[in-house]
**Q** 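I am attaching a structure below and will ask some questions about it afterwards.
The chains referred to below are lettered A, B, ... by the order of the sequence lines, with proteins before strands, and numbering in each begins at 1.
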Amino acid sequence: MPYIANTDDDRREMLAEIGVADIDALWQEAGVSMPQPDFAAMPEGKSEYEVIRYLAGLADKNADNLTGFLGMGFYDHYIPSVVSEITGRNEFYTAYTPYQPEASQGTLQAMYEYQSAICRLLDMDVSNASLYDGGTALFEAMMMGIRTTRRRRAVLAGTVSPIYRKMIQCYSRNLDIELVISDSSENSADTDMAALKTLLDDQTACVMVQYPNVFGSVEDWSDLIAYAKERRIITICSCYPVALSMLRSPGLLGFDIATGEGQCLGNNLSFGGPYLGFIATSTHHMRKLPGRIVGRTTDTAGETGFVLTLQTREQHIRRERATSNICTNEGLCALAAITYLSCIGKEGFVELGRLCAAKACYTRDELLRIPGVGVAGQTAFFNEFVLRLPMEAAEVVSRMIDKGFAAGFPLSRYYPERKNDLLIAVTEKRSREEIRAFAVAMEAVLTNR
Amino acid sequence: MDPTLIFDRGRAGRRGSTLPRMDVPPKHAMPTTLLRPDPADLPEVSELDVVRHYVNLSRRNLAIDTSFYPLGSCTMKYNPKSHERIAALPGFANLHPLLPQLRHGGALTQGALEVLFEFEMLLREILGFTGFTMQPLAGSHGELTGVMMIAAWHRSRDDTRNVMLIPDAAHGTNPASAAIAGFEVCELATDPDGNVDMADLDSKLNDNTAGIMLTCPNTLGLFDPNVTVICDRVHAAGGLCYGDGANLNAILGRLRPGDLGFDVMHLNLHKTFTTPHGGGGPGSGVVGVSDVLEPFLPISRVEKRQDGSYALDYGHSDSIGYIAPFYGNFGLILRAFAYTITLGRKGLLRIGENAVINANYIRTKLAAHFDIPFDRVCTHECVVSASCYNRYGVHAIDICKALLDRGYHPPTMYFPLIVPEALMIEPTETESKETLDGFIQALIDITEQIKQDPESILAAPLTCPVRRLDETAAARKPDLAAPRSR
């Protein structure tokens with residue numbers, strides 16, 4: 001039998017030791033008396049070779065070879081080979097949550113280093129050891145805001161990812177929370193700051209924004225933060241970590257809590273997961289954080305070591321009064337992130353940001369030469385931007401697939417009024433030649449309507 | 001030796017990566033006021049520095065691939081290596097999740113959608129549920145999804161009942177998940193045999209009962225013979241039954257939880273379906289539902305069309321909505337699918353029974369050396385108590401630390417909360433009799449050592465990278481990130 005070590009002789013000896021005649025008697029004594037189903041619809045098992053051949057065949061049916069300009073929060077960055085080499089270490093990937101710290105110093109130290117790197121990137125004091133993804137991380141931050149202020153109104157900027165908006169709406173449904181979403185103008189890719197401000201009052205628990213926003217716009221949140229702080233509203237920023245290679249961090253801008261999606265830090269796109277949610281805050285809010293946190297301490301001989309800490313926040317102790325229900329998080333994805341950030345390094349990270357920003361500018365300039373292509377009210381951006389096309393964006397993207405390009409995301413899927421708007425992301429992987437070929441193909445599609 | 005952090009290795013200006021060249025004009029489109037004043041203080045190390053640092057860190061871990069790891073309730077079974085190869089295939093690993101949301105984009109991801117759809121078909125057969133969502137990103141996330149569907153069902157009937165019954169032996173995630181779904185938690189007592197106290201259940205069932213969250217088998221590793229009766233009574237009171245599948249490995253191939261009366265259940269793919277635990281995730285908590293809750297499943301769902309193609313389906317008006325950004329932790333679903341088709345029917349039939357034989361073998365062999373609080377045939381794990389060694393000044397934690405010096409990862413300790421000095425041992429079906437014999441002997445040796453020299457047990461571990469750590473100091477004066485100045 002696959003993956004079962006014991007032979008029939010082993011089983012016989014063991015059943016004899018247990019003191020039962022056979023397996024049926026053991027089930028009976030265990031209280032399981034129902035008949036065993038025959039699982040008639042289950043196919044017969046396959047050999048390792050057959051399984052790999054079948055699944056490799058399915059993998060070949062997927063289009064992983066399009067030249068990609070698709071992002072919207074999930075980016076095709078290059079991952080150095082070191083990352084999978086480290087996450088593929090048996091001692092890391094076949095261990096579990098470090099409940100026994102003496103036997104888990106490798107995982108614990110790596111998580112402490114991950115937390116440290118996240119704090120440095122965001123300019124925050126404290127990070128946890130990971131959450132599921134950027135959307136659940138934003139929800140957890142909102143709950144921190146609600147608990148901290150004991151207010152029930154949460155404000156979400158209309159320029160936060162619609163995927164996260166739908167997740168937060170779903171999670172808020174059963175809670176005593178008034179979720180308010182600010183309007184965004186269809187003629188702008190920037191946040192309507194005035195409209196957002198009018199939603200903030202002294203009954204508001206928290207305000208959630210995205211940086212850069214879902215349309216890629218880079219915005220100065222300083223004013224909004226000051227306005228919110230006057231009303232003792234918790235300010236929450238969902239951010240794109242690679243953009244922070246160049247951009248002023250959420251901590252320096254003055255946000256109380258920063259969250260986001262860490263897929264871009266060394267994790268494969270993998271059709272939607274596993275990904276990496278991160279969350280960080282100031283020491284002031286430390287004890288309201290959800291999830292696992294690793295701390296540095298000493299052992300009985302005075303040597304440095306690492307442990308899970310501040311556990312009185314957590315579900316296994318506090319049960320229904322815990323800061324969150326999270327238990328298993330995304331440890332291996334966090335390990336990928338710290339390995340990635342170590343490899344890319346201080347200097348490389350800045351260079352990475354400059355490459356993404358420059359290639360995005362170049363792509364936008366090339367596309368804007370095409371007759372009829374225009375902008376959509378966007379003041380500043382990092383590596384993702386919106387263009388308004390002279391025809392329906394969904395149709396353009398569909399035709400571009402035939403030419404070998406994933407041309408971007410047609411915003412009409414989530415914003416029906418933005419029929420002709422295309423969201424385009426550019427990473428360091430796109431070469432000048434690819435970008436030029438992209439522009440040529442786009443021109444062909446747009447002029448042959 | 002004090003461990004050196006990655007931030008304290010290398011020196012200014014050192015690089016560990018190469019990047020594509022700047023082949024376009026070096027411009028950017030951001031205002032200078034929003035630029036970062038200083039680069040983030042990340043490590044400055046060579047590629048070799050990174051590799052050596054993390055390879056050496058990995059050697060400070062115990063793991064399934066280095067040691068027997070009988071961590072109760074976690075199902076630390078062997079993780080087949082072919083699964084890692086499959087998940088790394090570029091056609092899966094590099095696939096952008098937004099592709100199928102483009103017009104005609106479904107054609108670009110037929111292989112991935114087939115995995116999701118066909119795995120669901122197999123799970124329906126294995127577990128006896130009507131439908132599944134692959135979206136939940138971990139076990140507790142699956143619990144939350146499940147109880148949110150229960151909340152949605154009551155709301156759809158304009159019923160305001162809001163009390164969730166949860167046995168006192170349950171995992172802490174159960175009450176925590178119920179709270180986020182808006183329920184009030186009411187605890188149920190455990191009877192002297194380790195089952196749900198039926199009198200207590202009856203006294204707490206009323207027209208405010210929204211449902212029950214029942215772990216099956218329960219967290220004592222025991223199969224509650226009343227499980228179908230409990231489900232019937234909760235249903236009769238107007239509630240729904242949530243099955244916590246954390247312990248599903250015990251009955252995999254032996255029973256179908258859908259046949260027992262559960263309306264909804266999450267499975268931990270990282271436990272029962274052997275996706276790697278990853279040092280604390282990623283997990284996957286796919287959820288199965290009966291007919292009653294099927295309309296409330298999260299969107300999207302995957303459908304198979306008349307022409308044999310697969311597509312995403314967003315059109316369910318009663319759906320609770322978006323639980324995850326996309327279609328779940330696909331990389332793990334893929335591994336679990338590979339596992340399931342490898343097992344096939346015959347392999348499936350042998351999982352639960354071998355897990356149960358292994359656990360009962362350990363229970364039988366340890367019976368003379370430990371207290372067994374509920375002394376009856378267990379399922380996939382056994383819970384023993386170390387109370388009998390308290391008179392030597394030795395506790396469950398000390399026995400765990402002594403096991404580390406013998407090369408074993410300890411069992412789960414101090415859980416469930418209702419058993420004092422609990423050691424919860426789950427061997428799984430992938431371990432051999434010799435491995436179990438070695439572990440049993442190590443525990444017996446430790447009990448002998450406790451009687452002769454308890455002090456030596458209190459000093460353990462001596463052979464790990466560190467001695468016992470000061471957790472009180474860690475919580476009192478938290479040091480959670482490396483200070484920034486080098």
**Q** Locate the shortest heavy-atom distance separating B/Glu431 from A/Asn6; write the atom from each residue and the value.
**A**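 For B/Glu431 and A/Asn6, the tightest heavy-atom pair comes out as O-ND2, 3.7 Å.
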**Q** Tell me, with the steps shown, if A/Lys359 and B/Met22 meet side chain to side chain contact (heavy atoms under 4.5 Å, CB included).
**A** CA-CA 8 Å; A/Lys359 286 168 187 255; B/Met22 183 70 89; 5.6 Å; no
**Q** Would you please test A/His316 and B/Phe415 for side chain to side chain contact (heavy atoms under 4.5 Å, CB included) and show each step?
**A** CA-CA 9 Å; A/His316 59 284; B/Phe415 185 81; over 6 Å; no
**Q** Quick one about B/Asp479 and A/Tyr112 (side-chain donor to acceptor, distance below 3.5 Å, no hydrogens or angles considered), yes or no?
**A**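 B/Asp479 and A/Tyr112 do have a side-chain donor-acceptor pair below 3.5 Å.
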**Q** Side-chain contact, heavy-atom cut-off 4.5 Å: B/Leu42 with A/Ile344?
**A**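 They are not in side-chain contact.
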**Q** Taking the side chain as C-beta and beyond, is there a heavy-atom pair between B/Val115 and A/Leu55 under 4.5 Å?
**A**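 The answer is yes, as the side chains (C-beta and beyond) meet within the 4.5 Å cut-off.
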**Q** Is B/Thr342 in contact with chain A via its backbone, its side chain, both, or neither, using a 4.5 Å heavy-atom distance?
**A**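 Its backbone and side chain both get close to chain A.
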**Q** Walk me through whether B/Asp470 and A/Thr297 qualify under side-chain hydrogen bond (donor to acceptor under 3.5 Å, both in side chains).
**A** CA-CA 6 Å; B/Asp470 190 342; A/Thr297 185; 5.0 Å; no
**Q** Do the side chains of B/Pro80 and A/Glu48 get nearer than 4.5 Å, heavy atoms only?
**A**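 Contact flag for A/Glu48/B/Pro80 side chains = no.
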**Q** Given heavy-atom pairs under 4.5 angstrom as the criterion, report whether the side chain, backbone, both or neither of B/Pro90 touches chain A.
**A**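 B/Pro90 touches chain A through backbone and side-chain heavy atoms alike.
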**Q** What class does the angle between the rings of B/His141 and A/Tyr132 fall in, given that below 30° is parallel, 30 to 60° is tilted and above 60° is perpendicular?
**A**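 Plane angle between 30° and 60°, so tilted.
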**Q** Could you check whether B/Arg59 pairs with A/Glu91 (Lys NZ or Arg NE/NH1/NH2 to Asp/Glu carboxylate O, under 4.0 Å)?
**A**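 No, no charged N to carboxylate O under 4.0 Å.
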**Q** Using non-hydrogen atoms and a 4.5 Å limit, figure out which bit of A/Thr136 sits close to chain B: side chain, backbone, both or neither.
**A**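 For A/Thr136, the contact with chain B is made by the side chain alone.
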**Q** Answer yes or no: is there an ion pair linking B/Lys433 with A/Glu17, defined by an N-O contact shorter than 4.0 Å?
**A**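 No, this pair does not count.
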**Q** Can you tell which part of B/Tyr69 gets under 4.5 Å to a heavy atom of chain A, answering side chain, backbone, both or neither?
**A**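 It is the side chain, since no backbone atom gets that close.
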**Q** Please look at B/Pro25 and chain A and tell me whether the side chain, the backbone, both or neither of the residue comes under 4.5 angstrom of a heavy atom of that chain.
**A**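 The answer is both parts of B/Pro25.
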**Q** Is the closest side-chain heavy-atom distance between A/Val32 and B/Val356 below 4.5 Å?
**A**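 Side chain of A/Val32 against side chain of B/Val356, heavy atoms only: no contact under 4.5 Å found.
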**Q** Given the rule in the side chain to side chain contact (heavy atoms under 4.5 Å, CB included) test, do B/Arg103 and A/Val397 qualify, once you have shown the distances and angles that lead to the verdict?
**A** CA-CA 8 Å; B/Arg103 184 174 293 172; A/Val397 170; over 6 Å; no
**Q** Which bit of B/His104 comes within less than 4.5 Å of chain A, counting heavy atoms only: side chain, backbone, both or neither?
**A**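 B/His104 touches chain A through side-chain heavy atoms alone.
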**Q** Based on non-hydrogen pairs under 4.5 Å, which of B/Ile251, B/Leu349, B/Val51, B/Ile357 is most in contact with chain A?
**A**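 Most heavy-atom pairs under 4.5 Å with chain A: B/Ile357.
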**Q** Less than 4.5 Å apart, side chain to side chain, heavy atoms only: is that true for B/Asp259 and A/Met34?
**A**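 B/Asp259 does not reach A/Met34 side chain to side chain.
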**Q** Taking the six-membered ring for Trp, are the ring centroids of A/Phe74 and B/Phe326 within less than 6.0 Å of each other?
**A**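 Between B/Phe326 and A/Phe74, which both carry aromatic rings, the centre distance is below 6.0 Å.
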**Q** Side chain, backbone, both or neither: which part of A/Met167 has a heavy atom under 4.5 Å from chain B?
**A**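 Both parts, backbone and side chain.
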**Q** For residues B/Leu122 and A/Pro43, determine if any side-chain heavy atom of one lies less than 4.5 Å from a side-chain heavy atom of the other.
**A**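 Answer yes - side chains close enough.
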**Q** With a 4.5 angstrom heavy-atom cut-off, is it the side chain or the backbone of A/Arg296 that approaches chain B, or both, or neither?
**A**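 It is both, since atoms from each part get that close.
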**Q** What part of A/Ile4 lies closer than 4.5 angstrom to a heavy atom of chain B: side chain, backbone, both or neither?
**A**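 A/Ile4 touches chain B through backbone and side-chain heavy atoms alike.
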**Q** Apply the ring pair (Phe, Tyr, Trp, His ring centres under 6.0 Å) test between B/His277 and each candidate in A/Tyr93, A/Tyr96, A/Tyr99; give the one that qualifies.
**A**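 Among A/Tyr93, A/Tyr96, A/Tyr99, the one that satisfies the ring pair (Phe, Tyr, Trp, His ring centres under 6.0 Å) with B/His277 is A/Tyr96.
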**Q** Taking the side chain as everything from C-beta on, heavy atoms only, tell me whether B/Pro276 gets closer than 4.5 Å to A/Leu332.
**A**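 Not touching, per the 4.5 Å side-chain cut-off.
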**Q** Would you say that A/Phe92 contacts B/Leu57 through its side chain, given a criterion of any heavy-atom pair below 4.5 Å between the two side chains?
**A**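 A/Phe92 reaches B/Leu57 side chain to side chain.
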**Q** Under a 4.5 Å heavy-atom cutoff, which of B/Arg85, B/Gln101, B/Lys77, B/His28 has the most pairs with chain A?
**A**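 Most heavy-atom pairs within the cutoff with chain A belong to B/Gln101.
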**Q** Can you name the closest pair of heavy atoms from B/Gly283 and A/Glu330 and give their distance?
**A**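 Reported closest heavy-atom pair: N-OE2, 4.3 Å.
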